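Every value quoted in this text rests on a predicted model; they were computed, and no experiment measured them. Ligands are counted one by one from 1 in listed order, and the atoms in each one are counted from 1 as well.
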Amino acid sequence: MNDGVGDGAVDGSAAGALSIQGSQRLVIKIGSALLADDDGNLQTEWIDALAADAAELQRAGTEILIVSSGAIAVGRRILGLARGPRNRALRLEESQAAAATGQVRLAHAWQGALARYDVSVAQILLTIEDTENRRRYLNARSTIATLLKLGVIPVINENDTVATEEIRFGDNDRLAARVAQMVSADTCVILSDIDGLYTADPAHDTGATHIAEVHAITPEIEAMAGATSNEDGSGGMVTKIEAARIALQAGCRLAIGDGRIGRPLKAFAAGATCTWFVPQGEPQTARKRWIAASLNPIGTIVVDAGAAKALAAGKSLLPAGMIRVEGTFERGDPVIVRDDRGLEVARGLIAYSSSDAGRISGLKSSETEAVLGYRGREELIHRDDLVLS
Ligand code: GLU
């Protein structure tokens with residue numbers, strides 16, 4: 001075993017860290033094979049059981065997001081595209097049509113299952129661009145944050161109808177990890193048809209052993225993923241490892257486990273076998289490191305002494321504290337915050353374009369709507385999007 005792989009023993013301190021219990025924000029990714037049978041019929045009993053688990057975790061204080069596959073599997077049956085060999089590859093436009101049709105059924109199933117626990121759902125369909133373009137990323141992030149605050153469970157899928165081959169995730173494993181990163185989730189669970197990662201393919205190699213804990217995605221881990229076959233969805237183990245890589249960078253722990261067991265989330269909380277990928281830092285730290293290091297600031301906000309002091313105390317930057325704007329930028333772009341002596345105070349992602357920021361400079365948050373003609377965010381830079389220099 002190399003350094004990246006634990007020996008499977010989970011000591012007392014790690015046990016707390018390696019559980020979905022106590023998670024503050026949990027992304028649950030569910031593969032198509034769990035949601036629909038071979039003929040594309042929705043597995044309503046399974047969905048009901050998962051909804052019971054999700055509602056229970058939510059009651060215990062965990063915010064839940066569900067990344068649900070299955071739209072294409074369900075839609076192709078409804079459209080009569082399932083005939084012939086079951087897994088005949090659909091043409092792109094056929095799978096997009098199937099996704100559009102199946103998504104309605106899927107969302108309806110989740111809505112019905114969670115309504116029994118008085119939990120509302122919201123459908124969110126994302127493309128890669130929504131997770132990479134900063135402006136759209138910020139919009140999606142704050143919409144999801146608002147839904148979570150209101151106790152709603154977002155049910156998320158790729159927007160397959162508009163995502164063409166070259167620009168799509170194609171698998172919901174990486175989408176789930178991107179969502180986890182976007183909302184700074186601390187835990188992501190990928191429910192699959194295998195209970196995690198093995199040293200070799202357990203279906204063909206009796207010497208294959210289960211890996212309980214991974215701390216880094218090494219070439220050795222990648223090779224194991226290549227050897228582990230599973231039938232679930234379009235991803236297989238390779239995209240699950242890619243998802244784990246994204247999650248680890250985002251400071252989010254990620255588990256891959258078998259969702260076919262009854263009440264799977266409950267079972268994982270009780271310690272059912274799965275593979276945990278364990279990050280070095282916390283989600284907020286990872287996000288801030290990302291803002292501080294990898295972004296190239298393209299504008300400057302000059303603030304007064306009071307605002308500089310408030311930022312140092314961990315507050316958000318409000319329009320009232322701004323003296324002027326320098327440079328040209330869009331909403332979501334990275335900017336530097338300087339004080340009136342020119343000293344760098346912080347860096348962050350700004351919630352307004354340079355022209356709009358200029359117009360509301362020095363105004364109280366309650367006065368900005370009249371000037372802009374729309375109701376923008378209260379903060380010019382939210383503290384979650386801000387790193388002190
Ligand atoms: N977005 C696809 C669907 O809902 C699933 C992708 C995957 O299998 O991971 O059908």
Per-atom filter on ligand 1: closer than 4.0 angstrom to a heavy atom of Asp160 are 1 (N), 2 (C), 3 (C), 4 (O)

_Short N-O contact, Glu158 and Arg174, less than 4.0 angstrom_ = no

Open item on the list: Counting only nitrogen or oxygen atoms and a 3.5 angstrom limit, does Glu158 reach ligand 1?
Closed with: no

Decide, yes or no, whether a salt bridge links Arg77 with Asp39 under the criterion of side-chain N to carboxylate O below 4.0 Å. no

Are Asp173 and Lys29 ion-paired here, with the side-chain N under 4.0 Å from a carboxylate O? yes

Flag Gly70 as yes when one of its N or O atoms lies below 3.5 Å from any N or O atom of ligand 1, and as no otherwise.
yes

Within 4.0 Å of some non-hydrogen atom of Ser69, the atoms of ligand 1 are 4 (O), 5 (C), 7 (C), 9 (O)

Between Lys266 and Asp53, does any side-chain N to carboxylate O distance fall below 4.0 Å?
no

Going by the 4.0 angstrom heavy-atom rule, the piece of Asn157 near ligand 1 is side chain

Exercise for review: Return yes if some donor-acceptor pair links the side-chain N/O of Gln96 with the main-chain N/O of Asp160 below 3.5 Å, else return no.
Suggested key: yes

